[in-house]
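Each chain gets a letter, A, B and so on, in the order the sequences are listed, and its residues count up from 1.
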Number of protein chains: 2
Amino acid sequence: MSATLQTVADALGVSRSTVSNAYSRPDQLSPALRERILETARELGYSGPNPTARSLRRGRVGAVGVLFTGSLTQAFTDPYAVQFLGGLAQATERRDTGLLLVPLSADDPDGAQRALAEAAVDGFCVYCAPNWQGSLAVINARSLPVVTTENPTEAGAATLVVSIDERGASRTAGEHIVGFGHRRIAVLDTWVTTERRNGPVRLPDPESLPFYISRERICGVRDAVVAAGGSWSDVLVLNARDNTRADGAAAAAHALDRAQRSTAILATTDVLALGVLDAMAARGLRPGHDVSVTGFDDIPDADRSGLTTIHQPSTEKGRIAGELLLDAPEDPALRRKVLPTSLIVRSSTGPAPVGSSS
Amino acid sequence: MSATLQTVADALGVSRSTVSNAYSRPDQLSPALRERILETARELGYSGPNPTARSLRRGRVGAVGVLFTGSLTQAFTDPYAVQFLGGLAQATERRDTGLLLVPLSADDPDGAQRALAEAAVDGFCVYCAPNWQGSLAVINARSLPVVTTENPTEAGAATLVVSIDERGASRTAGEHIVGFGHRRIAVLDTWVTTERRNGPVRLPDPESLPFYISRERICGVRDAVVAAGGSWSDVLVLNARDNTRADGAAAAAHALDRAQRSTAILATTDVLALGVLDAMAARGLRPGHDVSVTGFDDIPDADRSGLTTIHQPSTEKGRIAGELLLDAPEDPALRRKVLPTSLIVRSSTGPAPVGSSS
DNA sequence: TTGAAAGCGTTACCAA
DNA sequence: TTGGTAACGCTTTCAA
């Protein structure tokens, strides 16, 4: 039904190669002939080489796969993730490469594995996917390049990595808080427990957390607390159902409404931290006075809300991930990049309220 | 280098077809043989049929292209867009189909056309793309199914459409506002003018707006104003640089800071409307009292902020778009769906301040 | 239940 | 500058 390269070649009495060249290597034939070919193609309704056939022949697809766990909506709810993706798109676009979204639904592991095995891509970017271990084997079997922003330790030598010092950055926030004299501290994170609920959680040892980013960020806080002479067991751990503002608010309520109210809440993402601010606003509590709050990521809303947070170069992270993927260096040292972070102090943090140290 | 189906076949002394069947049609061979084949494949590092080759042979790619204009980041800044995409993903995932993001950069039209011509997809979804007309020809030339949520009129009979009554819905919001006695009314939208700036704009005839959604939503407001005996020339038109909260706030400033302050601002998206609320908060103005504000879309933040808005079923819209694309009905009547909308009244609207009708 | 053969639509190489 | 030929890796009849 649809016209092929052959159709056009026949119509003009030239060979397939020539028509192919008209599209893919314009310098290989006379401009006049090329124009005639393109013209005839237009008349015949031939819209250029079939992308799939071209990919097969060339051995390059022109797309990279982006893996998510959880729903797409959930992934894009976090501005950090969106910025990262934007950076990734910048890099790939420049190389005429598209982005294929591969959502890995947790309730259908077989489907997820099939999706990975059957995705027509030149490489994978693993992102927003704390529990991608099951997928790893499938991906590696395809011997395609993979870049990740997580699990640098477990990633294996073949994997490309662009990351930040999660633990160190988080510790900076912790030090900022203990430096202000806070002693009734809470940390707020998602998926700290397998139960999906908003509220306090017992977490004897944060090093045992299975998900890399959670583990590192929470341990960073612990390190700061312990270094200041505090004890991890005094830190209240709050779990949010999902990484959303609403769940952040709901979880924070448990720290705000208890008799001995926490004077500082350190959230592991800005989205959660903004939820904390929502919960405080609803109670008439002043950020940086009654309760101090920190986030992580430095999304645009953080600035608007005066949130003290850890800045990470989200867009650049995506861009570098894309460049690494499309142009993987041989040198192992160049296959892993660690990007800088910084503490941005805004109005949501301040000295611990007087008399709160008891 | 990488193992192929042939490699596995040779290793076992069976034919290619049999190995192929082991993967694609398990019922065509004995379980024992199948297991042996899969086992050998694993040993040989063969990770299953090459997706591209399979696509070529089958004539189906297993991906649909999603077109954006503007940057990805910008597109995903609007929760409406994210919800729509989530719905689309739901539908495609169920059919083992991926989503290929195709960002069409405005400053590189040639690159954009190439991206469209070369995208390996089974269909296209056009979305968040007010000015996609240039792409239309390229897409149509490929004779692939296309679904759009915009431009139902210009779309052509072949195009699948899932839309809402933009003008009617917007008119509802307008009627709500004039019903409250407001007469100093402003409308706030993006890209009303080619100049990319925040502020008032002269717009003698909204019917002349080139972008469908802008035109329809603004005309809806005009209809309501005129029906109530008002005049379009009394309506202040504000342009926001981009569809962001910050630009919404900046543009709204012009309506809030003028001598005869607008008593009602109707934004064409919730994101812009939330920006208006930000600008009001900064000035100590009370929504629904000093100034009434409406939005459009009913994103989650709208509820949180008490924003009166038009609800549209964003996720369902995406889901239906996906289903239409993957299973296009022959019957022309079924190829176009119009989804319902409703006015959600919250606290951001109220009676016009006393004495404001002058 | 298994195998042989014929493409799917293109590009790359080499020769003319 | 142009054309012939041989893949790219797979699926799908159809026959055994």
With a 4.0 Å limit, can you tell me whether T18(B) has a side-chain N or O closer than that to the phosphate oxygens OP1/OP2 of dT2(C)?
no
Can you tell me if CZ on R34(B) sees more than 12 non-hydrogen neighbours from other groups inside 6.0 Å?
yes
If each of Q28(B) and T4(A) is mapped to the nucleotide of DNA chain C with the nearest heavy atom, which maps nearer the 5' terminus, i.e. the 5' end?
Q28(B)
Gap between atoms CG and C1', on L12(B) and dG3(C) respectively (whole Å):
14 Å
Nearest-neighbour nucleotide for the R54(A) side chain, dT10(C), dA4(C), dG3(D) considered
dT10(C)
Can a side-chain donor-acceptor contact be found between S55(A) and T52(A) if the only test is distance below 3.5 angstrom?
no
Grab the two heavy atoms, one from V162(A) and one from I320(A), that are nearest each other, plus how far apart they are.
CG2-CG2, 4.2 Å
Short side-chain N/O contact to dT10(C) OP1/OP2 from S20(A), under 4.0 Å:
no
Between P of dT1(D) and CZ of R36(A), the distance in whole Å:
16 Å
Please compare P31(B) and R58(B) by the position of their nearest nucleotide in DNA chain C and report the one closer to 5'.
P31(B)
Given atom CZ of R25(B) and atom C1' of dT12(D), what is their separation to the nearest angstrom?
7 Å
Please check the phosphate of dG9(D) (OP1 and OP2 only) for any side-chain N or O of Y23(B) closer than 4.0 Å.
no
Could you tell me whether R36(A) atom CZ has more than 12 heavy atoms of other residues or ligands within 6.0 Å of it?
no
In whole Å, I'd like the distance from the CZ atom of R16(B) to the P atom of dC8(D).
11 Å
Is it the case that dT10(C) (base atoms only) and R57(A) (side chain only) share a donor and an acceptor within less than 3.5 Å, ignoring hydrogens and angles?
no
Counting heavy atoms from C-beta on, name the nucleotide in dT11(C), dG9(C), dG3(D) closest to the side chain of P49(A).
dT11(C)
Interatomic distance where CG belongs to L33(A) and P belongs to dG3(D) [whole Å]:
7 Å
Is any N or O donor-acceptor pair between the side chain of T52(A) and the base of dG9(C) shorter than 3.5 Å?
no
Does S17(B) reach a base, just sugar-phosphate, or nothing at all? Heavy atoms under 4.0 Å.
base
Expressed as a whole number of angstroms, how long is the span from L5(A):CG to dC8(C):C1'?
13 Å
Distance in angstrom units between L56(A) CG and dC10(D) P, rounded
9 Å
Send over the distance from E35(B) CD to dT1(C) P, rounded to a whole Å.
16 Å
Side-chain N or O of S24(B) versus OP1/OP2 of dT11(D): is the shortest distance under 4.0 Å?
yes
Residues R54(A) and E118(B) bridged, charged N to O under 4.0 Å
yes
